[in-house]
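Here is the structure we will look at, set down as structure tokens.
Letters A, B, ... are given to chains in the order of the sequence lines, protein chains preceding strands, and every chain is numbered from 1. Predicted model, so just to flag it, every value in this text is computed and none were measured.
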Amino acid sequence: MDKLPILQFEDKIVETVKNNLVTVLIGETGSGKSTQLSQILFRHGFADSGTICVTQPRRVAAVSVARRVAQEMGVRLGEEVGYAIRFEDRTSTKTRIKYLTDGVLLRESLSDSELRSYSVIILDEAHERSLNMDILMGLVKRLVGIRDSANFRVLITSATLEGEKVSEFFNGCPVLNVPGKLFPVEVIYTDEVSKSFVEAALKKAIDIHVREPEGDILIFMTGQEDIEKLVQKLEDRVRSLEEGSVMDAVIYPLHGSLPPELQVRVFNPPPSNCRRFIVATNIAETSLTVDGVVYVIDSGYVKQRQYNPQTGMYSLDIVQISRVQANQRAGRAGRTRPGKCYRLYSSVVYKDDFMEAAVPEIQRTSLAGSVLYLKSLDLPGIDILKFDFLDPPSYASLGDALRQLYLIDAIDENGAITSVGRTMAELPLEPSLSRTLIAANENGSLSQALTIAAMLSAETSLLPSFAKGSEKKRKHTPLKLPDGGGLGDHIQLLQIFELWNKTGYDIEWCKEYGLQIRGMSFVKDVRGQLCQLMLKMAKCATEVQGKHKSRERKMNYRNLRRALCVGYANQLAERMIRHNGYRTLGLKSQLVQVHPSSVLQPDEDGMLPNYVVYQELITTSSPFMRNVCTVEMQWISPILKKLETLDINKLSGGFTDPEDGIKEKDQGVSKKEDKDVESPADRDSKIQAARERFLARKVKK
DNA sequence: GAGCACTGC
């Protein structure tokens, strides 16, 4: 095997790390940074006084990289080299190199905010900018000023360009460049504007198939719908090609809601003299690597979920990718030999319209959980609203988080964390569910609440996709699931798990009901973990086994729904008079409908319940509440009272001048790279523009 | 009567 590129830089890396507390390392795919950096530092004594930890954005990566490193060092996994992911800690007192997911490291800083067991912290793949990673970078930056510099080093690895920004964040720390080992990829732009990217991709794919030599084609689409459309069209066209004139072809869809057994098909060796077409979402951008790809077709779009803190509403939008993403996609063509990337957009669009990097998650999601977590750390002298983030979230977003936390008793009217809030922060759940568990523990419905919390954590991986046509293909229609007694979706989830529990967690039962086995066993694991945590924390925690089930059911799950009402006090809606639309009860009222997939049932007059709590608001074809549960009017009066007295200025501790704060920050950064700096408002308008362009194209068709 | 991209504790 060739020597990995990073090993040629060993001396330089060691010297830089010795002389600097923080080092940024820019390493492209194939540089070997994930496996070699830890070993290099180990060889030079950086693990003598502590462990070297390396974060990974995904569980599979943490496990596979740790396994590889253990093998290279000739040690047993779990001894000198180990890993820690949720539900699985394979480390020991001997462990000197430890791979973990960023979520696990974040949890660890809850029990030791200075992370003293680590002599080196390596934040790998920082350019992916997950929410956890952004919080970790803020925390680690603080540690740099606190911990003894004789025994502490930080390394952050990133993709091109973004590395400079990270260096700036860490007070201009040195940046090392390590080349990757990719083969050259020729990029070909498209100048003609096509009516739809599905059609454009179809044309290009067939073109490649007819003209170009062998090699698989990877096509980036945005979601299940356009993937299925394209797969169908490709099958038709390939079949219509004259037999014998071109090589055989096989077409695979690849997206997250595909059952795992269909996902892994792309890893099987392809039939000989046969070209594979893989039509994928951005799951193939980072998570899954398909070997044999020589041609990439890039639509230039991605489906992205974003949160509007003003309305509390999520939306799932098709937006333009960033230049970093475009390059990542192109790189997928050069893993095994020189390749080609066909971009279904012009070079002008790439240069002028695309943002440099995607909007980081921290600016696209509700921050209630993260704000609570940071408050629970009790960092001296650190005000959450002024916390030093690489890309600060908007003031609206922080205000929204505080408002939500106040309504569910996690912080008091002055913004200080409460004892309830501390307990909540210990649980690996979103705040509403943590709060539900605590309320349930007090009213005797904990066992059921634990089940619901676990089911909601795995919800998307429970049911196979409801795509049109897929039902026909299935051999037999699954048995009908329980209906939640008409009380709502949370109750349905509870009933599903209880039925499965009664069968002794029978795998066949899952099949009969059309439930994904992996999803259901994940629920079982999560429930077990939550049980243990609740037993450990709440000294008086009882009833995790659920002995009161039958009595509760007769009571229409009253206690359980009451607990949900306390937990979801920030997500409450009232039905309109005389029709079944709802308005949310919060700072800014929204008109919404119950999602059509809900099992909530109307009464004999055809009316839905007067009050419900919901899991989330999401705008697709129109604004919907997903996962609703009936609640009683008398339960909500304390919530309404709280809403009336809510004072955001008090909650945020008087930090009311966001504009100044943001401007200052932007100016600080813009000294170095003024072209690439964008305010959140700029980003918003760019996203909006991309969305409009896309919609315009869609309409034309 | 509509439909969820991808991760993670």
Side-chain angles (χ1 to χ4, degrees), chain A residues 55-62 84-89 100-111 125 128-136 220-228 254-258 263 280-288 299 301-306 314-319 321 325 328 358 360-362 364-365 369-370 372-373 376 424-431 433-434 453-454 457-471 522 525-526 529-530 532-533 580 593-598 615-616 618-627:
Chain A
T55 68
Q56 291 294 312
R58 279 166 289 279
R59 296 161 54 100
V60 277
I85 58 177
R86 189 179 192 177
F87 308 131
E88 212 182 337
D89 185 347
L100 33 61
T101 49
D102 42 24
V104 170
L105 186 61
L106 206 53
R107 283 279 146 199
E108 286 186 357
S109 66
L110 199 57
S111 50
E125 318 283 0
E128 290 193 24
R129 301 296 305 276
S130 69
L131 179 58
N132 285 342
M133 178 61 81
D134 273 21
I135 293 170
L136 274 176
F220 283 103
M221 291 281 115
T222 67
Q224 188 176 341
E225 197 186 334
D226 50 30
I227 287 174
E228 282 171 2
L254 182 60
H255 53 84
S257 41
L258 217 55
Q263 281 187 28
T281 60
N282 55 339
I283 195 171
E285 205 176 281
T286 49
S287 305
L288 300 180
S299 64
Y301 291 101
V302 67
K303 203 178 276 185
Q304 198 171 262
R305 195 174 136 106
Q306 23 232 345
Y314 278 97
S315 61
L316 210 55
D317 305 307
I318 292 173
V319 298
I321 58 171
Q325 278 176 295
Q328 173 73 26
E361 190 183 2
I362 198 166
R364 292 190 285 112
T365 194
S370 301
L372 177 62
Y373 178 79
S376 79
M424 287 166 61
E426 299 253 345
L427 293 163
L429 292 170
E430 53 174 280
L433 281 172
S434 305
S457 310
E459 203 209 348
T460 50
S461 56
L462 292 184
L463 296 166
S465 62
F466 285 108
K468 288 170 200 157
S470 67
E471 257 169 273
F522 181 74
D525 287 347
V526 173
Q529 187 191 26
L530 295 175
Q532 280 188 344
L533 282 168
N580 279 336
Q593 301 279 327
V594 175
H595 197 278
S597 66
S598 175
Q615 168 76 15
E616 74 172 359
I618 183 149
T619 298
T620 46
S621 57
S622 65
F624 292 115
M625 296 182 283
R626 265 189 71 256
N627 287 335

Would you please name every residue forming a side chain to side chain contact (heavy atoms under 4.5 Å, CB included) with A/Glu616, sequence neighbours left out?
->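 A/Glu616 satisfies side chain to side chain contact (heavy atoms under 4.5 Å, CB included) with A/Arg305, A/Tyr314, A/Ile618, A/Arg626 once adjacent residues are dropped.
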With sequence neighbours excluded, residues passing side chain to side chain contact (heavy atoms under 4.5 Å, CB included) with A/Glu88 =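 Side chain to side chain contact (heavy atoms under 4.5 Å, CB included) check on A/Glu88 returns A/Tyr83, A/Ile85, A/Arg90.
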Does [N] have OP1 or OP2 under 4.0 Å away from a side-chain N or O of [X]?
| X | N | value |
| --- | --- | --- |
| A/Thr286 | B/dT7 | no |
| A/Thr281 | B/dC6 | yes |
| A/Ser621 | B/dG3 | yes |
| A/Gln224 | B/dA5 | yes |

Nearest to side-chain heavy atoms of [X], which nucleotide of [options]:
| X | options | answer |
| --- | --- | --- |
| A/Leu316 | B/dC9, B/dG3, B/dC4 | B/dC4 |
| A/Arg626 | B/dC6, B/dC4, B/dC9 | B/dC4 |
| A/Ile283 | B/dT7, B/dA5, B/dC9 | B/dT7 |
| A/Arg305 | B/dC9, B/dG1, B/dA5 | B/dA5 |
| A/Lys303 | B/dG3, B/dA5, B/dG8 | B/dA5 |
| A/Thr620 | B/dC4, B/dC9, B/dG1 | B/dC4 |
| A/Arg59 | B/dT7, B/dC9, B/dA2 | B/dC9 |
| A/His595 | B/dG1, B/dG3, B/dC9 | B/dG3 |
| A/Phe624 | B/dC9, B/dC6, B/dG3 | B/dG3 |

When all nucleic acid strands are considered with a 4.0 Å heavy-atom cut-off, which category describes [X]: base, sugar-phosphate, or nothing?
| X | value |
| --- | --- |
| A/Leu106 | nothing |
| A/Val104 | sugar-phosphate |
| A/Glu616 | base |
| A/Arg58 | sugar-phosphate |
| A/Ser130 | nothing |

Is A/Lys303 salt-bridged to A/Asp317, going by a charged N under 4.0 Å from an acidic O?
->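 Judged by the 4.0 Å cut-off on N to carboxylate O distance, A/Lys303 and A/Asp317 do not form a salt bridge.
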For [X] and [N], give me the distance from atom [atom1] to atom [atom2], rounded to whole Å.
| X | N | atom1 | atom2 | value |
| --- | --- | --- | --- | --- |
| A/Asp89 | B/dC9 | CG | P | 12 Å |
| A/Arg129 | B/dA5 | CZ | C1' | 19 Å |
| A/Asp226 | B/dG3 | CG | P | 15 Å |
| A/Ile135 | B/dC9 | CD1 | C1' | 12 Å |

Let me know, please, whether A/Glu430 or A/Glu225 comes out on the 5' side of the other along DNA chain B by nearest nucleotide.
->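 Nearest-nucleotide comparison on DNA chain B picks A/Glu225.
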Taking A/Gln56 for its side chain and A/Ala62 for its backbone only, find out whether a donor-acceptor pair lies under 3.5 Å.
->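 A pair under 3.5 Å: no.
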Flag side-chain contact, heavy atom, 4.5 Å: A/Val594 against A/Asn580 =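 SC-SC contact between A/Val594 and A/Asn580 ruled out.
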Given side chain to side chain contact (heavy atoms under 4.5 Å, CB included), test A/Thr101 with A/Arg58 step by step and report yes or no.
-> CA-CA 6 Å; A/Thr101 49; A/Arg58 279 166 289 279; over 6 Å; no
